[in-house]
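Let me begin by presenting the structure, written as structure tokens, before commenting on it.
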Amino acid sequence: MTKEQFVLELARIGAIKFGSFTLKSGLVSPFYFDLRDMISFPAILEGVADLLVVKIKDMDFDVITGIPYTALPIASLVASKLQKPLIYMRKEEKAYGTGNNVIGKFAKGAKCLVIDDLITTGSSKIETAEGYEKEGVVVKDFVVVIDRSANGTEELAKQGYTLHSLISLDEIVELLQSKGLISEEKVQEVEEFTASLIKPDNKEKYINPLTQKLLDRMQEKKSNLVLSLDVTTQKEFFDLLDKVGNQIVMLKTHVDIIDDFNDSFIPKLLYYAEQQNFLIFEDRKFADIGNTVRHQFRNGIYKIADWAEFVTVHMVAGELILKGLFEGIEGHAGFVLARMSSKGNLLNETYTRKCFEAAKKYPYWVAGFIGHGSSVEDIKRFKAKFPGNEVLMMPGVKKESGSDAMGQQYITIEDAINGGADCIIVGRGILKAEDPKAEAKLYRERAWKAYEVRKKI
Ligand code: S5P
């Protein structure tokens, strides 16, 4: 099968389509490629494997892999034709045991050629390579069946990888146009669409209004300190607030730990927020199905949606929890718990990535992420993967690093901010100090100074 025949076959089975398609991101694309069903057409599968064999037979590699699911059967066939060993990575990361995320036999340091069906931005390829590298496999080259990216080659090259592609989007468009299968207008639409994807700040432009509100308030108050006011009586709560309210940009509550909660609590809290100019964040950590969290957020005795602009959201029940919480009401957004500060928590890298994907899909409901890290470098790597302009809110912060007896882990104010935290969330570091007022001032000054230095660099 020639390349041209292969493309025509893909069009025939509906694996490549031109029209108007709304993508997950909300963007409307003039084309849609999905090679999953190719496996049910043996002649096409055989054809693409032969074309790939020709492409890669002189490359330098010890093992072959395909990215599950679509590319795995393709890679198996190619590996068999070339008599090369096949390995693959579990799609779900093992959360227990000693790793062994790679299936198949390979020597440490083996050079691996990675096959995939498509490339869009290159980011998932880079993640795949990083995953393999952690397991002792060296990745240098990627081969994709279709390159529909605007600048995937450059993105991969920046990280030291080489992209080879069987067919580019341009070639497909040219061929189908020459056969009269797509119109001149469609060709232009495709060109405009791909060009729009490379505008560097295409994605950066969107900023959640609640994120912006927080950033503005931070500048206004010269504070990125969030106080976690974890006390259990109204008296303690408001006595402390009297002392520290002026230092903080945001107050984080756990309203359900107040023993003597009554109808006067919320009006009084709102009065303080107004007087001392801070935002309110109820750390309710919603985690149930959409319909239940909707009630937990809006009903019951606390009616959180009436007074808290920000709440925490676990992604464990799936991304539609965001819809359950925020659909149909204005002026609220979530901080998604992408990583936790507590020892032994079960939020692994796959889970974190899912949190980012959800935020990418529903940017208007996600103001930021809660996160933590073991070092400045670790936090930097974590933050580099944020999909947009979300803020990083970091709990588990104290003047000195350490831990408590119930699993909480602390890093220092400076490490948190230098790594990329936009706000630090501090509870006992301030609450338990002899002079909470002076301590809040000290935390604010240190955190703000580190933040300003980081922003200048
Ligand atoms: O991973 C997390 C997420 C949160 S929101 N780890 C945390 O500690 N938190 C919250 O931050 C926690 O519920 C508590 O209210 C606060 C930390 O309090 P501290 O007293 O340890 O500073």
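Order of listing sets the numbers, starting from 1, for every ligand and every atom in it. If you read the sequence from its start, that first residue is 1, and numbering goes on from there.
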(message) Any heavy atom of Y410 closer to ligand 1 than 4.0 angstrom?
(response) yes
(request) May I ask you to list the atoms of ligand 1 that are less than 4.0 angstrom from any heavy atom of M340? (result) 1 (O), 2 (C)
(message) Return the closest protein heavy atom for atom 11 (O) of ligand 1 as residue, atom name and distance.
(response) P395 CB, 3.5 Å
(request) Taking Y88 for its side chain and S76 for its backbone only, find out whether a donor-acceptor pair lies under 3.5 Å. (result) no
(message) I'd like to know if the side chain of S228 reaches the main chain of D230, judged simply by a donor and an acceptor atom lying under 3.5 Å from each other, with no hydrogens or angles considered.
(response) no
(request) Considering only NZ, NE, NH1 and NH2 on the basic side and carboxylate oxygens on the acidic side, decide whether E319 and K354 come within less than 4.0 Å. (result) no
(message) If the contact criterion is a heavy-atom separation under 4.0 Å, does H372 count as touching ligand 1?
(response) no
(request) May I ask whether K252 places a heavy atom under 4.0 Å from ligand 1? (result) yes
(message) Give me the residue, atom name and distance of the protein heavy atom closest to atom 14 (C) of ligand 1.
(response) D230 OD2, 3.4 Å
(message) What I want to check is whether the side chains of R284 and T312 have a donor and an acceptor closer together than 3.5 Å.
(response) no
(request) Check whether any side-chain heavy atom of I417 lies under 4.5 Å from a side-chain heavy atom of K449, and answer yes or no. (result) no
(request) Output the list of atoms in ligand 1 that are nearer than 4.0 Å to some heavy atom of R428, sorted by atom number. (result) 19 (P), 20 (O), 21 (O), 22 (O)
(message) Just to confirm my output: which protein heavy-atom neighbour is closest to atom 22 (O) of ligand 1, and how far is it?
(response) G427 N, 2.9 Å
(message) I'd like the name of whichever of S341, A338, G371, G396 reaches closest to atom 1 (O) of ligand 1 through any heavy atom.
(response) S341
(message) Using a 3.5 Å cut-off on N or O atoms only, is S228 in polar contact with ligand 1?
(response) yes
(request) Could you tell me whether K84 atom NZ has more than 12 heavy atoms of other residues or ligands within 6.0 Å of it? (result) yes
(request) Assess whether ring-ring contact (aromatic ring centres under 6.0 Å, His included) is satisfied between F369 and F382, documenting all intermediate values. (result) CA-CA 11 Å; F369 298 101; F382 165 67; 7.2 Å; no
(request) Could you pull out, from R284, K285, H254, M394, the option with a heavy atom nearest to atom 4 (C) of ligand 1? (result) K285
(request) Check whether any side-chain heavy atom of H332 lies under 4.5 Å from a side-chain heavy atom of L210, and answer yes or no. (result) no
(message) One residue to check: Q408. Relative to ligand 1, which of side chain, backbone, both or neither has a non-hydrogen atom less than 4.0 Å away?
(response) side chain
(message) Nearest 0.5 Å, please: how far is CG in D62 from CG in D60?
(response) 7.0 Å
(request) Specify the protein heavy atom at minimum distance from atom 5 (S) of ligand 1: its residue, its atom name, and the distance to 0.1 Å. (result) D283 OD2, 3.0 Å
(message) Quick check on contacts: which atoms of ligand 1 are under 4.0 angstrom from a heavy atom of I370?
(response) 3 (C)
(request) May I ask you to decide if the ring planes of F310 and F335 are parallel, tilted or perpendicular, using 30° and 60° as cut-offs? (result) parallel
(message) Evaluate I425 for polar contact with ligand 1, using N/O atom pairs at a separation under 3.5 Å.
(response) no
(message) Could you check whether any heavy atom of L337 sits closer than 4.0 Å to an atom of ligand 1, since that is the contact criterion I want to use?
(response) yes
